[in-house]
Amino acid sequence: MPETTAALTVASAADAGVKRGNGMWSWTDWRDPASIAASAALTTIVDEHVVAGRRVLFAGPHDADLVRSAQAAGAVVSWLIRSVDDAGRLTHDLPGVDVLCGSLEDPAGPFDLVIALDGFGRLTSAEDDDTGRDLVALLSSLVAADGVLVLLHENALGAHRMIELAPGREYTADEAWYLPEAYEPRLPASFGALTAALGDHGLQTHAGYAVFPTPKRPHVLVGRPVLDDPASGVRDGLRPLLTHAFAEAYRGREVLDDPRDLVTRMAYAAAEQTLAAGWLVIAGRGDTTAKQYELVVGSEAGQLVSTIDSGVSEVHGEPRTVGGLREMTPVRLPSGPTVEERLLRLCAAADLPGLRAELRRYADWLRNHGSELTGPVALATFATVCDDGDELRPDLVRWEPLTPVPLKVALHRALWSFAGILITRNRPHPYPLTFDAAELTEVLAATVDAVPGPGDLDAVLDLEIAVRTAHGDPDPVRTRRELSADLRPMPDVAGYRALVDVLWRQNDLLQHARENAAWLEKILVSRDTALSKLDLQIQQHELSGPEQVVELARKAYKKVRGKVAARRQTIEQQPKPKLCSSCRTEELAAGTPYRRLRVRVERIDFDAAPPRPRDAVATGEERAEGAIVVAE
Amino acid sequence: MHHANQFYGHTYVLARYCEMPDPDHPQRLDGYLQHGWNIGDGLAPGVPFVHGSPLFVWSERTRRRAWSQGRRNVVAIGAPFAYLLEVCPPEPAAGEREGTIFYPFHGWEGQQILGDHRRLAREIAETESGPVTVCLYWNEHQQPEIQAVYADAGFRVVCHGRRGFWWRGQDREFLVRQLTELRRHRRVASNRLTSAIWYGLLAGCEAAVYGDPMVLENADATFGGYSRIASQWAALHGRETDAEVCRELARQELGADLLAGPAELRVLFGWQQTWADAARRTTEGAVHA
């Protein structure tokens, strides 16, 4: 067991065994499990540096399984925690691990391996005065002369920060008791600054990665050789890989904006280093070395990790099985742009012939695999199939079904998923804007002669739920309910902009529905009139000869009588009296019975009360009032 | 369902193409169908438009133009005439094409044409070398004095029928008749660039636009009027034109290269369910038989 400073003391029976310094009481860093950095890719990197018998320090909150793994490898493990409660719990949960409670000044170094995957953010406590503390120097000082530091430092300019929907963080987060970082960066603000700062403290960076999509779930680690070389061969697959990783990371979460557009632009600009969620550095003193991979890719919900170096891919870990799905091995680097990228471009350009050709190509590719699909092809969608220039490859499919999937279901799922993207991401397309996801699926399917019949989309939904469950969907029942509501999906990543688009679309649809209803009413009136006229014509044709004569005579009589009446009316017509507005209203309401009264009210006293309808029950007082109003 | 969708028997042609049951009776089409070649947004000027309704236009260019005019629900599907060519492929044993079919520019029920038919007839006679057929719009065909002008010049005078109005009086075979006539002639000509010229080109004719373009009563000049047509599609104007260049333009204007398949069109028009029900009934009937 290593020595600790004299400041560390045993506090109470509750945290017996904990070496306590300036630890925080009534505090935990495990309130949100998602805030603990964990990914199979990180585990792979860390495992490479853990050596039996050597001293390892985990600085700050980490995944307990990662700590156990180091312990199981035979290392002498210490763990620095700032919360007294957490330290007590972990001491109980991880016997044999030397849990230290306090801040960076407290552990008695040096250590052969210092692991700080949580960065610097939770290495200080409310008990410390942070002003003037150099956290890089403090952390570096814990590394032994031939020791190694594995540090993941969050990028304040990271793409993940740009899309975060967390207004008022300064006041809502309990741990934001001191946030000078927001105003004056004291910690390295770039990858170069980080390596330089470590170098100032005698640590040479052996390997470095830009991590994506988030610093807490970094599934894709892009190595420095790729970052430094815009012409790297690995870069071709980077855009779809990162887009996919961001989509999976933010699926179902509320964000400022869908990250996929930002990530796509980032990849085109080769700005991965600048906009990375964080930087993972492996730095050491003396003769230490570290393996630098070009790329490290872990699956979002699985356990497999692929490391890629000089074009050689190596798989680490064991595949998971969830429900009826099994994790794919090996994870493949995208061989080119995804089919989805190409289809979105064709849709935006309203290139119908090109769009149809691309859809047919995909359908033919699926059909070539048979009527019952197995392997990754069965779960392929446009977003997970890449085009290497010659053929299509399901490079981004992470799972395969244990039982075959009918060709029709796989094809409809791909089309339906794409229809959902067109709608929920408000992408321009050459089909009616008023179409919902089911209708768009139909029209897309029609181009490949596979219009879904009754119940076909239900099978698609079943498969989709299974896949989402494997990806860690916490509430499949709710997902099914949402997806099956007219098959009109909500945005998979609930960006504020996407939601504004949804609102615009709904308003547009509502306006269309209202105007359409009004138009249909007019048409119905017109049709009713036309029908009535036709009916009269038919009735006349059905009359016998004598009946037709009688009918003609009746019509002639009606016409003559009408003309005579009209002439009389013209002769008798008197000049219209001037009426006040209330009298006119009364007249309109009452109709002809008021004609005489109207003539009489010509000399009306307009200051008096208005006349009453004739059929109103008049009281004696009202009669008297009426007598005044309608004065002769 | 706008009544203009059935002008010239357009919906009947599309219903035949989509293999709809009972195609001789109107299929309700969910949206507005462009009913004539148009230099605007695909709609005739002044058409009452229900906001947000799908607008089915002939060409990608018209779709872009409509978008620029604030229309968002615009779908380019190609002209019904282009679909008719798919439904009625040319007969292999068809005879040699001969002569010219001339379409004097026509107005419609609400706008008359102001121009000198006699002068136009003289110009046609001076230009055309073979037999000439003059096709009049029905309201001009009903005026004996106009018919006589062309008949006296030695031309054959025909009329393709009425386009109909408010779901009544429409000639379902209008386009079929037009296609038949076009396929008989080597050239199609008019004194204005109109749908008929594009149709003729697509049906295999050479094209020419010449003569007094006449004046349409109260013509709408929002999109530039005829001077714009004459400059933007100058290749078609003149007594002789480059057939290949004109044909390519016709393919673009009539959307001949972006025609949807029958199933795709059925879904776009909201006809798929009717078609599927009829297909099921047919299958069930065959099983019972």
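Chain letters run A, B, ... following the sequence lines, proteins first and then strands; every chain starts at 1. Values below: every heavy atom of this structure, side chains too, minus hydrogens, waters and symmetry copies.
- Only the side chain of B/R63 comes within less than 4.5 Å of a heavy atom of chain A; its backbone N, CA, C and O stay farther away.
- In terms of non-hydrogen atom pairs under 4.5 Å with chain A, the most contact-rich of B/L55, B/I77, B/L265, B/L259 is B/L259.
- Every residue meeting the side-chain contact (heavy atoms from CB on, under 4.5 Å) condition with B/R251, not counting sequence neighbours, appears here in chain and number order: B/L202, B/E248, B/A256, B/D257.
- Within the 4.5 Å cutoff, the side chain of A/Y431 has no heavy atoms near those of the B/V267 side chain.
- Of the two parts of A/P430, only the backbone, made up of N, CA, C and O, holds a non-hydrogen atom closer than 4.5 Å to a non-hydrogen atom of chain B.
- For A/R260, the CZ atom counts as densely surrounded, since its 6.0 Å shell holds more than 12 non-hydrogen atoms of other residues, nucleotides or ligands.
- Contact annotation for A/V451: only side-chain heavy atoms (C-beta onward) come within less than 4.5 Å of a heavy atom of chain B.
- Contact of A/R356 with chain B is made through the side chain alone, with heavy-atom distances under 4.5 Å.
- Heavy-atom minimum distance, A/T434 versus B/G52: CG2-O, 3.7 Å.
- Closest heavy-atom contact between A/N516 and B/V50: N-CG1, 3.4 Å.
- When B/A260, B/G270, B/P54, B/A76 are compared by the number of non-hydrogen pairs under 4.5 Å with chain A, B/A260 comes out ahead.
- Within the 4.5 angstrom heavy-atom criterion, no atom of A/L440 approaches chain B.
- Checked by atom type and distance alone, the side chain of B/E264 never pairs as donor or acceptor with a backbone atom of A/A446 at under 3.5 Å.
- For A/R361, the CZ atom counts as densely surrounded, since its 6.0 Å shell holds more than 12 non-hydrogen atoms of other residues, nucleotides or ligands.
- The closest side-chain donor-acceptor pair between B/N73 and A/H512, if any, does not fall under 3.5 angstrom.
- More than 12 heavy atoms of other shown residues, nucleotides or ligands fall within 6.0 angstrom of atom CZ in A/R367.
- Nearest heavy-atom pair across B/H51 and A/E515 is N-OE1, 2.8 Å.
- Under a 3.5 Å cut-off, the side chain of B/R72 and the backbone N or O of A/D508 do not form any donor-acceptor pair.
- Residue A/A450: no heavy atom, backbone or side chain, is found under 4.5 Å from chain B.
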